[in-house]
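Have a look at the structure below before the remarks.
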Amino acid sequence: MKLQLRQDLVGAILPEKRTQRDELIALEKKLAFAQDFAGAIRARDERLKLEKEIAALEKELPALKAQALSLLAKSLPDKIEFKLSDAMLNGLTLDAQGTVLSGFSNPGATATWKLPDLPPGGYEVLLRYTADDGEVILQESFYSLSATCRPPLKRAEEKSLGTLRVRDGSGILTLKAKAPEKSASLRVYGLVLMPAAR
């Protein structure tokens, strides 16, 4: 919370400091043009002092952001589960028990979740499914992961699809079939993300 408050404070101060610097530059030129050299020197000295403050704040802001992301990453659980019942469905069907998603053969069928403010980085994707065959795409706002759903054994199994890079941790996460016409047998029972590096 302290880091966030400091980030907000620095973010609010910087534009004001930059405006003051621009005003001092204009004043320095005006005084020099009027041959008030003593006044121009005072304005210059004040501007140089302000520019040092701005440079320090500009250096501090990315460090604060990196520190906040590091703390957030360390506080993440080992597994981030996305409940099927929380998904916004388009063309898909959730069974009465809320345990199975089907209908991936419908064109444009998607399941979409809101990401819980994840820090940017790589996340291993675990999908619990059954399928004769098929290919799914999981995507966030900027990046996507495509994976083939190999037929599991007789029951639903959780399998790693690979690592999805997440850039917008507060955006959306969408699951869909890459080739709907080949995905009639695809049934999804669960979706989990695991931070790739802790």
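Keep in mind the model is a prediction, meaning the values are calculated, not measured.
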Does Phe37 form a side-chain contact (heavy atoms from CB on, under 4.5 Å) with Gln35? I'd like the steps, not just the answer. CA-CA 5 Å; Phe37 300 116; Gln35 296 188 354; 4.0 Å; yes

Partner of Leu161 by side-chain contact (heavy atoms from CB on, under 4.5 Å), out of Leu126, Leu138, Leu145, Ile137: Leu145

Minimum side-chain heavy-atom gap Val136-Ser146 below 4.5 Å: no

Please check if Ile25 and Leu27 belong to a single hydrophobic cluster, counting links between Ile, Leu, Val, Met, Phe, Trp and Tyr side chain heavy atoms closer than 4.5 Å. no

What residue pairs, at least two apart or across chains, pass salt bridge (Lys or Arg N to Asp or Glu O under 4.0 Å) with a residue in residues 11-20? Lys17-Glu53, Arg18-Glu58

For Lys114, I'd like to know if atom NZ has over 12 heavy atoms of other residues, nucleotides or ligands within 6.0 Å. yes

Show the atom names and distances, to 0.1 Å, of all donor-acceptor pairs under 3.5 Å that link a side chain in residues 162-172 to residues at least two apart or in another chain.
from: Arg165; atom 1: NH1; to: Tyr143; atom 2: OH; distance (Å): 3.2
from: Asp168; atom 1: OD1; to: Ser170; atom 2: N; distance (Å): 3.3
from: Asp168; atom 1: OD1; to: Ser170; atom 2: OG; distance (Å): 3.3
from: Asp168; atom 1: OD1; to: Gly171; atom 2: N; distance (Å): 3.3
from: Asp168; atom 1: OD2; to: Ser141; atom 2: OG; distance (Å): 3.1

Output the distance between atom CD (Glu81) and atom CH2 (Trp113), rounded to the nearest 0.5 Å. 10.5 Å

Atom pair CG/CG of Leu24 and Leu48 - distance to nearest 0.5 Å: 10.0 Å

Per-pair distances, 0.1 Å, donor-acceptor, side chain in residues 85-107, under 3.5 Å, sequence neighbours excluded:
from: Asn90; atom 1: ND2; to: Gly108; atom 2: O; distance (Å): 3.2
from: Asp95; atom 1: OD1; to: Gly98; atom 2: N; distance (Å): 3.0
from: Asp95; atom 1: OD1; to: Thr99; atom 2: N; distance (Å): 2.7
from: Asp95; atom 1: OD1; to: Val100; atom 2: N; distance (Å): 3.0
from: Asp95; atom 1: OD2; to: Thr99; atom 2: OG1; distance (Å): 3.0
from: Asn106; atom 1: ND2; to: Gly91; atom 2: O; distance (Å): 2.7
from: Asn106; atom 1: ND2; to: Gly103; atom 2: O; distance (Å): 3.2

Nearest 0.5 Å please: distance from the CD1 atom of Ile54 over to the CD1 atom of Ile13. 11.5 Å

With sequence neighbours excluded, tell me which residues meet salt bridge (Lys or Arg N to Asp or Glu O under 4.0 Å) with Glu60. Arg6

Contacts under 3.5 angstrom, residues 173-196 side chains, donor-acceptor by atom type, not counting sequence neighbours:
from: Ser183; atom 1: OG; to: Ala179; atom 2: O; distance (Å): 3.0
from: Ser185; atom 1: OG; to: Asp132; atom 2: N; distance (Å): 2.8
from: Arg187; atom 1: NH1; to: Ala184; atom 2: O; distance (Å): 3.0

N/O donor-acceptor pairs under 3.5 Å from side chains in residues 39-47, not counting sequence neighbours:
from: Arg47; atom 1: NE; to: Glu28; atom 2: OE1; distance (Å): 2.7
from: Arg47; atom 1: NH1; to: Glu51; atom 2: OE1; distance (Å): 3.4
from: Arg47; atom 1: NH1; to: Glu51; atom 2: OE2; distance (Å): 3.3
from: Arg47; atom 1: NH2; to: Glu28; atom 2: OE1; distance (Å): 3.4

